[in-house]
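Source: prediction; values computed, not measured. Letters A, B, ... mirror the listed sequences (proteins, then strands); counts begin at 1.
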There are 2 protein chains.
Amino acid sequence: LVHLQHVSRVYEMGRLQVVALRDVDVAIQSGEFVAVLGPSGSGKSTLMHIVGCLDRPTSGQYTLAGTPVAALDDDRLAALRSRAIGFVFQSYNLLARTNALENVAAPLLYQGVSRRERYRRARAALERLGLGDRVDHSPAELSGGQQQRVAIARALVTDPALILADEPTGNLASDQGAEVLSLFRELHSAGRTIVLITHDQEVAAAAGRQIHIRDGSIAAGEIAA
Amino acid sequence: LVHLQHVSRVYEMGRLQVVALRDVDVAIQSGEFVAVLGPSGSGKSTLMHIVGCLDRPTSGQYTLAGTPVAALDDDRLAALRSRAIGFVFQSYNLLARTNALENVAAPLLYQGVSRRERYRRARAALERLGLGDRVDHSPAELSGGQQQRVAIARALVTDPALILADEPTGNLASDQGAEVLSLFRELHSAGRTIVLITHDQEVAAAAGRQIHIRDGSIAAGEIAA
Ligand SMILES: Nc1ncnc2c1ncn2[C@@H]1O[C@H](COP(=O)(O)OP(=O)(O)OP(=O)(O)O)[C@@H](O)[C@H]1O
Ligand SMILES: Nc1ncnc2c1ncn2[C@@H]1O[C@H](COP(=O)(O)OP(=O)(O)OP(=O)(O)O)[C@@H](O)[C@H]1O
Ligand SMILES: [Mg+2]
Ligand SMILES: [Mg+2]
C-alpha cells in the first residue's frame, strides 16, 4: 500500500538547510497496524505528512497503492487524499468559529453526501468518541482533550482505508486514551490500515510493528513484525 | 499563596450553561509542588486559568498571596501576572511568524530588561531545553514537541515565583519528558511553587501532592501530602 524508497525531506531556511528525513525506506502493507516512535524533532510528523500526501519529498520515490505520487498533480492528489486517507493532526487543525458537528462533517462535503446524511454520520462519530453533548461547541469552547477527540472523529467520518494519526492520545488521560486505542483496534480488525505516531508505550504495544526514527533516519531492524 | 474558596466557573452558550467548575476549594502553600489530574473535560485548564489570573471565577473568592484578586482591575492583574506567574499553555499559544528567541524573550519586555539582556536570557532558557540550534525557527518551522519546549522556556524566562504548567510533557517522548520534569524539580528545590496538570503517572508521582478533579469538582481526600 505505502512504499517509500530513498525519500529525503529538506527544509530551506534562507541559507540554512534542515534535513528532516534522510534517505528513508518504508513499506507498509494494506491492513497493517504500525506505530512510529522517536524523540521530539526526529522527523515523525514530516514522514506522516509525506505518507498522507500533504507534503512532497525533496528526493526519492513514494508510491501509494502502486501509483507514483510524483506523477499526480495537486488536484488528483487532493482527490485521492480526501477519498482514501483519514488524518489526525498533532495540532488538531480544527476550523475556528465552526462547531464540532460541522468540523467533523466537513470531509464529507467532497464526497457528494447530502447535508442530512453528513450531519447524521458526524453526530454518530462524535458520540462514538464520547462527545454527543458537545456537538454545538466551537474549538474555543472545548477542552484540549475534547478538541483532540473531535479531530479523531473528523479523520474517521469518511471511513477511509488508510488512517494516519499523529499522537492521537497525547491529551487524553489513561481511560479515554484506552477508549481511543480500542476504536483504532476495531478499525484495524475491520481491515483498515493504521499508522500511528506515539510516545505512549501502551499504544505502541498495540501495533503489530514499530518503526523507530532518530535524526531523520529509520533505525535498523524494524522490518520484523 | 493560592487560596480558592467556593469558586465556580460557568460558561454561557446562548441559552445553555456549562458548569466547568463547581464550588471548588483549593489551597496551595508557597513552595509546594502539586499535580492536578482528571479526565478530559473535567475542568483542569479552567482551574489553571483562574489560578493564573487569565480568567475570573463566576462566583466565589480567589486570594493570591493574601490579595483578593477580584479587587484588582485588569491592568493591575496583568502586572501581577507578568511579574509573578509563569504559564505553559496546553496549546502553547506561541506567536506565529516570530522566531523561538523572540517568543521566549517577549515576557521580559514588560520587566524593563534591555534588549541584549532579554536575548541572552532567552537563549539560555532555550539551550536549557535542548533547542540551542532552533532559536531562529518560527513555530511553523518546529515540531510539536519543540514548540512545547519553547512554551516552557518562555514560562521560565522571567524566573517566576509561581509556575503553572498545563500538560507540559504531552508531546514529548519519555527521555525528553524526563528532562523537563527534572527541570521542574530543580526549580521546586530552589523554592518555586509549581502547579502542573498531567495525565502521566510518572510526572504526577514527582509532585508532593495530587488534586483530582472530576466533572468540575475536587475529589475528597486530596489534602494529605
Ligand atoms: N468557552 C467555553 N464555552 C463552553 N464550554 C466550555 C468553554 N471552555 C471550556 N468549556 C467546557 O468546560 C469543561 C472544562 O474544560 P477544561 O478545558 O477545563 O477541561 P480539562 O480538564 O482541561 O480537559 P482536557 O484534559 O481535555 O484538556 C469542558 O467540558 C468544556 O467543554
Ligand atoms: N518548515 C520547517 N522549516 C525548517 N525546519 C523544520 C520545518 N518543519 C520542521 N522542521 C524541523 O524538522 C525536524 C523534524 O520535524 P518533525 O515535525 O517531523 O518532528 P517530530 O518527530 O514530529 O517531533 P515531535 O515529536 O516533537 O512532534 C525538526 O527538527 C524541526 O525543527
Ligand atoms: Mg510531530
Ligand atoms: Mg485542558
Heavy-atom closest contact (B/V18 atom, A/H137 atom, distance): CG2-CE1, 3.8 Å

Minimal heavy-atom distance between A/S143 and B/G41, with the atoms involved, is OG-N, 3.5 Å

CG of A/D166 to CG of B/N171, rounded to nearest 0.5 Å, is 8.0 Å

So B/H199 and A/S174, do their side chains get closer than 4.5 Å, heavy atoms only? no

Whether over 12 other heavy atoms sit under 6.0 Å from B/R214 CZ: no

So what's closer than 4.5 Å to chain A heavy atoms on B/E141: side chain, backbone, both or neither? side chain

For A/D215, does the CG atom sit with more than 12 other heavy atoms under 6.0 Å from it, leaving out its own atoms? no

For the pair B/Q176 (side chain) and A/S40 (backbone), establish whether a donor and an acceptor sit closer than 3.5 Å, ignoring hydrogens and angles. yes

Heavy-atom closest pair (A/G145 atom, B/Q90 atom, distance to 0.1 Å) is N-NE2, 4.2 Å

Side chain, backbone, both or neither: which part of B/T46 has a heavy atom under 4.5 Å from chain A? neither

Are there more than 12 heavy atoms of other residues, nucleotides or ligands under 6.0 Å from atom CD of A/E202? no

